[in-house]
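The structure under discussion appears below in the form of structure tokens.
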Amino acid sequence: MKIGYPCINRTVKCCSARTFRLSSYSEERLIETTAANLMCLEKILEFNRAKSILFFRITSDLIPFASHPVCRVDWEMHFKSDFDRIGKMIRTYDMRISMHPDQFVLLNSPKREVLENSISELKYHAKLLDLMGLDKSAKIQIHVGGVYGKKKEAMERFIDRYKYLPENVRERLVIENDERLYSLVDCLSIHNSTGIPVLLDVFHHSILGDGITQLDSLKLSQRTWLPEDGIPVVDYSTQQGGARKGKHTESIDLEHFSDFLRVSSSYDFDIMLEIKDKELSAQSAIRVAQTDERFSRVTKGC
DNA sequence: GGCAGTCAAGTACGC
DNA sequence: GCGTACTTGACTGCC
């Protein structure tokens with residue numbers, strides 16, 4: 001069991017997701033911003049290593065406009081040595097990496113242009129992970145997409161299009177249940193037709209769960225992961241008090257997290273904390289997990 | 001330097 | 001029809 005957080009670290013005084021306006025685009029700007037982002041990513045990984053945080057979600061903004069037609073820079077070659085170095089660091093530290101393209105990636109959209117942009121974006125994500133030499137356990141997680149008034153057809157479109165994705169995208173892609181449209185049951189149905197692993201979001205499942213218990217949700221999602229996918233990943237959060245339903249908490253609820261570890265003790269998985277204060281909650285979670293055999297097994301020597 | 005409006009991209013929902 | 005939410009700031013032009 002590894003515990004991690006997404007994209008941003010406020011303790012390290014830099015941002016690995018710096019970008020700029022499309023109207024300000026130039027090759028120089030792209031190279032300068034990407035170089036700064038990569039340098040910051042290394043700093044964050046070093047911070048994580050020092051704190052035994054061995055799971056991290058890399059921002060999709062690492063290379064601004066990488067999948068946009070405006071981008072003509074051969075960033076793969078230009079930053080090859082950086083990708084080599086960062087990839088080696090990740091492998092040496094035995095870290096797990098994931099990515100989560102944003103809401104514009106919709107494989108089941110009825111609009112051709114949206115589909116094409118989505119595939120370009122997924123190719124960029126897969127290329128980045130490939131360039132770092134990471135194995136297939138470095139996953140790219142997406143949601144199933146929109147419903148467009150006809151859910152069955154929307155799911156069929158996802159299944160059909162998944163089959164035609166480039167292999168290096170398919171090998172890394174996983175789907176995550178959301179809290180409004182596609183439940184765990186829907187994701188499992190897509191898994192049955194495609195083999196795509198299902199990443200369980202325990203918070204979303206608590207909102208849209210189809211009556212499936214937390215323990216059963218862990219069991220059902222775990223079965224969708226093959227050995228080469230690495231151990232399953234679970235997204236964890238809780239409700240922010242007083243906010244709209246589905247809003248992620250500002251800071252981890254350690255009592256709830258401790259209960260979750262106890263209830264789930266018969267399963268092993270990596271935990272991505274989708275919590276606003278990021279690395280602070282990750283460090284709190286790790287303190288709680290110290291006594292958990294699943295966690296201590298992988299952090300020996302850190 | 002500070003501020004407020006805006007930012008590549010989609011969709012669903014509440015008002 | 002518009003504003004908002006999603007992982008949320010960060011960039012930009014104007015004063």
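Naming convention: chains lettered A, B, ... in sequence-line order (proteins, then strands); numbering from 1 in each chain. Hydrogens, waters and symmetry mates are skipped; everything else that's a heavy atom, side chains included, is used.
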Within the structure shown, what part of the strands sits under 4.0 Å from [X] by heavy-atom distance: base, sugar-phosphate, or nothing?
X	result
A/His68	base
A/Ser67	base
A/Asp178	nothing
A/Val147	sugar-phosphate
A/Thr19	sugar-phosphate
A/Tyr148	sugar-phosphate
A/Ser60	nothing

All stems with DNA chain B, defined as three or more consecutive Watson-Crick or G-U pairs under 3.5 Å: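 In DNA chain B, stems of three or more pairs: B:1-7 with C:9-15, B:10-15 with C:1-6.
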A/Thr19 vs A/Phe65, test: side-chain contact (heavy atoms from CB on, under 4.5 Å). Steps then yes/no. CA-CA 9 Å; A/Thr19 184; A/Phe65 303 105; 4.2 Å; yes
Taking only the side-chain nitrogens and oxygens of [X], find out if one of them lies under 4.0 Å from OP1 or OP2 of [N].
X	N	result
A/Arg29	C/dT12	yes
A/Ser23	C/dT12	no
A/Lys278	C/dT7	no

Is it true that the NZ or CZ of A/Arg85 lies under 6.0 Å from the centre of A/Phe79's six-membered ring and within 45 degrees of the ring axis?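 No.
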Any N/O donor-acceptor pair, A/Arg57 side-chain to C/dT7 base, under 3.5 Å: no
Can you check whether A/Phe269 and A/Phe260 have ring centres sitting under 6.0 Å from each other?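 Distance test on ring centres: under 6.0 Å, yes.
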Which whole-number value in Å describes the distance from A/Lys111 NZ to B/dG10 C1'?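 In whole Å, B/dG10 C1' and A/Lys111 NZ are 7 Å from each other.
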